[in-house]
Q: 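Take this structure first; my questions come after.
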2 protein chains.
Amino acid sequence: MQIRDPGAILKNAGFRATKPRLLLLELLEKSHTPLSIHDIVAKLINDDIDRVTVYRSIEAFVRIGVVREVDFQGQLARYELPDTEYDHHHIVCTKCHKIEDFIGCDVERIEKKALHQSRSFSRISSHSFDLYGLCNSCA
Amino acid sequence: MQIRDPGAILKNAGFRATKPRLLLLELLEKSHTPLSIHDIVAKLINDDIDRVTVYRSIEAFVRIGVVREVDFQGQLARYELPDTEYDHHHIVCTKCHKIEDFIGCDVERIEKKALHQSRSFSRISSHSFDLYGLCNSCA
DNA sequence: TATCCATTTGCAAATATTTTGCATTAGTAT
DNA sequence: ATACTAATGCAAAATATTTGCAAATGGATA
């Protein structure tokens with residue numbers, strides 16, 4: 001897995017390398033699962049980063065694609081850094097909310113099928129795919 | 001497309017056939033796209049159905065699977081009746097939020113792949129799959 | 001049909017989440 | 001070092017969701 005440098009990400013995206021944004025990207029970089037705003041605020045509160053700053057930074061990051069938003073059923077939105085190599089997705093436990101990754105969702109194939117059926121779309125820019133079930137501990 | 005009878009749905013699920021719940025299911029039955037709580041409340045306000053009733057009914061319906069929750073990026077949750085025949089999913093315009101359906105997401109195949117990779121899950125109970133892009137009008 | 005009981009509802013209020021306005025701070029280019 | 005603008009923090013507003021509780025009502029039973 002490639003390590004992404006928060007400073008470089010910000011610079012490339014045309015953002016300033018501020019302390020809040022650097023810390024936010026470092027947090028996402030280190031996390032093994034996508035984090036909710038709540039999670040992020042809880043971590044960054046120690047560094048005196050304001051909740052509003054988190055909202056605004058995430059919004060900006062998602063808008064230009066530096067961060068990916070993930071929406072699980074019945075939960076608040078979560079955020080993670082986009083894949084550099086393999087396009088990964090998530091299996092989520094409907095009871096304990098444990099999250100595990102998997103790769104290989106066969107998008108190209110399905111995009112093609114979908115576009116073939118579509119009257120209003122000619123190009124797909126992104127996708128989401130999530131699996132739900134009880135994890136072995138909860139089952 | 002099979003027509004589903006709200007009264008029967010409620011009875012089968014062990015719920016009472018109350019006016020608010022019948023109207024809510026009729027609304028979803030007639031809608032061509034998944035509806036947000038906001039959408040639903042806006043419609044049912046004419047029948048003096050309270051916002052809280054909508055929240056509670058939807059919660060109960062989703063919990064037992066009578067209604068399916070759909071979560072698009074950057075939007076509030078939406079709700080629709082589950083498929084009776086083909087498992088359909090959505091293509092969403094990232095600009096105007098237009099929603100179109102497509103079928104054929106090849107779940108079985110991908111579930112198999114995912115479970116093979118998984119250490120913590122042995123069975124998948126549901127999935128979500130959404131495509132995003134600019135619709136022809138917005139592009 | 002009348003009665004009973006548990007579910008469901010509506011209203012009020014609490015809580016949680018997200019957005020906005022604005023003055024101040026602080027990157028970064030020159 | 002200076003200047004310019006993006007970005008931040010704080011307060012407050014706006015939205016969205018949940019909770020408590022008394023009253024209403026569906027539907028089973030007598």
Side-chain angles (χ1 to χ4, degrees), chain A residues 5-28 34-67 69-79 97, chain B residues 5-28 34-67 69-79 97:
Chain A
D5 172 43
I9 293 175
L10 290 171
K11 174 167 290 184
N12 291 339
F15 292 126
R16 290 185 180 172
T18 64
K19 181 184 161 199
R21 293 187 175 194
L22 287 168
L23 290 174
L24 172 37
L25 290 179
E26 276 166 26
L27 188 58
L28 293 179
L35 302 176
S36 67
I37 295 282
H38 184 89
D39 297 336
I40 297 168
V41 168
K43 293 280 188 178
L44 297 186
I45 197 79
N46 303 319
D47 302 286
D48 292 306
I49 310 299
D50 193 85
R51 172 187 306 277
V52 174
T53 299
V54 173
Y55 275 104
R56 285 194 276 227
S57 301
I58 286 286
E59 190 280 328
F61 292 163
V62 169
R63 181 158 36 77
I64 68 158
V66 160
V67 164
E69 177 176 330
V70 175
D71 299 270
F72 298 143
Q73 291 174 6
Q75 298 189 219
L76 294 177
R78 290 175 171 274
Y79 304 91
H97 296 165
Chain B
D5 172 43
I9 293 176
L10 290 171
K11 174 167 290 184
N12 290 339
F15 291 126
R16 290 187 179 172
T18 64
K19 181 185 161 199
R21 294 189 175 192
L22 286 169
L23 289 174
L24 173 39
L25 289 179
E26 277 166 26
L27 187 59
L28 294 179
L35 302 176
S36 67
I37 295 282
H38 184 90
D39 297 336
I40 297 168
V41 169
K43 293 281 190 180
L44 297 186
I45 197 79
N46 303 318
D47 303 287
D48 292 307
I49 309 300
D50 193 84
R51 172 186 308 278
V52 174
T53 299
V54 174
Y55 274 105
R56 285 194 276 226
S57 300
I58 286 286
E59 190 280 328
F61 292 162
V62 169
R63 181 159 35 77
I64 67 157
V66 160
V67 164
E69 177 177 330
V70 174
D71 299 88
F72 297 142
Q73 291 174 6
Q75 299 188 220
L76 294 178
R78 291 176 170 273
Y79 303 91
H97 296 164

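Throughout, a chain's letter reflects where its sequence line sits, starting with A, and its residues are numbered from 1.
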Q: If you only use heavy atoms from C-beta on, which nucleotide in C/dT9, D/dA7, C/dC5 is closest to the side chain of B/Arg16?
A: C/dC5

Q: Give a yes/no answer on whether the side chain of B/Arg21 brings an N or O atom under 4.0 Å of OP1 or OP2 in C/dT9.
A: yes

Q: Between A/Tyr55 and C/dT18, does any side-chain N or O lie under 4.0 Å from OP1 or OP2?
A: yes

Q: What is the distance, rounded to the nearest whole Å, between atom CD1 of A/Ile58 and atom P of D/dT8?
A: 12 Å

Q: Under 6.0 Å from the NE2 atom of B/His97, do we count more than 12 heavy atoms belonging to anything else shown?
A: yes

Q: Indicate whether OP1 or OP2 belonging to D/dT8 is found under 4.0 Å from a side-chain N or O atom of A/Ser57.
A: yes

Q: Can you figure out which of C/dG10, C/dT9, D/dC10 approaches the side chain of A/Asp50 most closely?
A: D/dC10

Q: Of B/Leu76 and B/Val52, whose nearest nucleotide on DNA chain D comes first from the 5' end?
A: B/Leu76

Q: D/dT17 P sits how many Å from B/Arg51 CZ, rounded?
A: 9 Å

Q: Under 4.0 angstrom, heavy atoms only, what part of the nucleic acid is B/Ala17 near: base, sugar-phosphate, or nothing?
A: sugar-phosphate

Q: Using whole Å, what does the distance between atom P of nucleotide D/dT25 and atom CG of B/Leu22 come to?
A: 15 Å

Q: Within 45° of the axis and under 6.0 Å from the centre of the six-membered ring of A/Phe72, does NZ or CZ of A/Arg78 qualify?
A: no

Q: Give me the one residue out of A/Phe15, A/Tyr79, A/Tyr55 that meets ring pair (Phe, Tyr, Trp, His ring centres under 6.0 Å) with A/Phe61.
A: A/Phe15

Q: Examine C/dG10: is either OP1 or OP2 under 4.0 Å from a nitrogen or oxygen in the side chain of B/Thr53? Give yes or no.
A: yes

Q: Of A/His38 and A/Thr18, whose closest DNA chain C nucleotide lies nearer the 5' terminus?
A: A/His38

Q: How many whole angstroms separate atom CD1 of A/Ile49 from atom P of D/dT8?
A: 8 Å

Q: Give the rounded distance in Å between these two atoms: NZ of B/Lys19 and P of C/dT8.
A: 17 Å

Q: Whole Å only: how far is the CG atom of B/Asn12 from the C1' atom of D/dG27?
A: 16 Å

Q: Provide, to the nearest angstrom, the distance between the NZ atom belonging to B/Lys11 and the P atom belonging to C/dT7.
A: 17 Å

Q: Enter the distance from A/Arg21:CZ to A/Leu44:CG here, rounded to the nearest 0.5 Å.
A: 13.0 Å

Q: Please report the interatomic distance CG(A/Asp47) to CG(A/Leu22), rounded to the nearest 0.5 Å.
A: 11.5 Å

Q: What is the separation between atom CG on B/Asp47 and atom P on C/dT9, rounded to the nearest whole Å?
A: 13 Å

